[in-house]
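Both backbone and side-chain heavy atoms feed into the values below; hydrogens, waters and symmetry mates do not. Each ligand, and each atom within it, is numbered from 1 in the order the structure gives.
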Amino acid sequence: MIISVASGKGGTGKTTVAVSLALAAGYCQFIDYDVEAPNADIFLKPDIKNIKKVYIKQPYFLTGTGNDFSKCAEFCHYNAVAVIGEEVVFYPELCHGCGGCILVGPQGAVREKDMEVGEISKGIVRPGIDFLKGNLMPGSMRTTTIQNELERMLNKDGIVIIDAPPGNSCSMVMAVKNSDYCVLVTEPTPYGFNDLLISMEVLDTLKIPYGVVINRDGIGDNSIEEYCKNKNIKVHIKIQNDMGIAKSYSRGMTLADYDNAYTEKFQAILKDIEKTVLVQ
Ligand code: SF4
């Protein structure tokens, strides 16, 4: 069973909820898909056993040989190649590694090389959480390349908890698209509500069932709760706005570290999700 944890708005406590679900499950695979800013390891404190570099193929041009690379520039859909006079200019950050310029360019004058775009860390959180984290290299825009690599490592035999990136863009879709269920974390503010509605639209389109966690309850109004009630959307838990939780978070502590009662509460959420997934 794959459970993703997502949030249209950043800073709502998505990672706190994802980590709490993983700890409540005890034995599971936890994947930090938020590859631009992974931070679940601060709370889960995995023992990292292995780090694997992720590369993409990129072309390089043998210049100064009198070759004409204008066909490469014409072909490149992403404008990663420009020919100015006799010069060829390559913009690696625009290149998608399709290899087309190698096929259409002068024979042997466009070659391929590996370029590092990030890494995957693999570790263990005792007693039984297999931890995976994608980490995009600063300056790289190949978020989905790292996420594709994580997808290949999904272990569908047990429970998988995915910490998705914030927002509702491609990288969020990549993170949630294989889920059996998605937990949407929000806060009771107009921004939280607005971004929650967009996330719901994404999940409706993908036909993925979902429920809601309202974090920092008490800072706004009850519009989200009312909306969920009217639409028959499950609100799994409301987590009070609590200075003690915020202080624990800033020290790298989990909700269960702050108050052990959260372990049982999240175990109950997991049971609820399991029931929902089984009847789908
Ligand atoms: S590999 Fe594809 S995307 Fe990259 S420069 Fe060549 S044609 Fe453009």
Side-chain angles (χ1 to χ4, degrees), residues 2 4 6-8 10 31-39 50-122 132-154 162-179 182 195 198-199 201-203 205-208:
I2 302 176
S4 55
S7 171
I31 311 184
D32 196 337
Y33 257 74
D34 187 3
V35 305
E36 291 175 26
N39 67 343
N50 176 273
I51 296 179
K52 181 185 164 205
K53 301 277 182 204
V54 180
Y55 299 92
I56 54 161
K57 296 278 183 205
Q58 280 208 325
Y60 68 97
F61 300 85
L62 296 178
T63 52
T65 49
N67 283 302
D68 176 9
F69 296 100
S70 52
K71 280 198 175 147
C72 302
E74 276 165 35
F75 178 87
C76 186
H77 190 65
Y78 303 101
N79 297 320
V81 189
V83 175
I84 304 164
E86 295 192 352
E87 288 288 309
V88 56
V89 187
F90 176 56
Y91 301 98
E93 61 282 1
L94 298 180
C95 174
H96 281 54
C98 71
C101 56
I102 297 166
L103 296 174
V104 302
Q107 212 179 2
V110 190
R111 303 205 179 152
E112 245 180 354
K113 65 175 178 189
D114 284 333
M115 194 174 102
E116 191 183 330
V117 291
E119 60 187 29
I120 306 280
S121 307
K122 210 166 182 278
L132 279 171
K133 173 180 87 164
N135 209 349
L136 189 70
M137 251 178 75
S140 175
M141 291 192 281
R142 304 307 297 258
T143 306
T144 50
T145 305
I146 309 282
Q147 291 181 321
N148 275 329
E149 199 64 30
L150 288 170
E151 192 176 325
R152 277 191 272 277
M153 297 176 174
L154 269 174
I162 288 177
D163 188 8
N168 296 298
S169 63
C170 299
S171 57
M172 176 270 198
V173 173
M174 281 289 292
V176 304
K177 71 183 165 76
N178 294 307
S179 324
C182 183
D195 294 348
I198 301 170
S199 302
E201 213 177 315
V202 171
L203 294 170
T205 307
L206 294 170
K207 298 191 175 16
I208 295 171

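The only option from Val117, Leu150, Asn135 that meets the side-chain contact (heavy atoms from CB on, under 4.5 Å) definition with Val35 turns out to be Leu150. With Lys52 as the partner, the salt bridge (charged side-chain N to carboxylate O under 4.0 Å, His left out) test is satisfied by one option alone out of Glu119, Glu116, Glu149: Glu149.
Asp34 is listed as a side-chain neighbour of Pro166, based on a closest heavy-atom distance under 4.5 Å.
Annotation: the span from Ile2 atom CD1 to Ile31 atom CD1 amounts to 7.5 Å, rounded to 0.5 Å.
Only protein atoms were considered; those of element N, O or S under 2.8 Å from atom 6 (Fe) of ligand 1 number 1.
Between the side chain of Glu36 and the backbone N or O of Thr143 there is no donor-acceptor pair closer than 3.5 Å.
Aromatic ring orientation, Tyr78 versus His96: parallel (interplanar angle below 30°, classes split at 30° and 60°).
The atoms of ligand 1 that sit less than 4.0 Å from any heavy atom of Phe90 are 5 (S).
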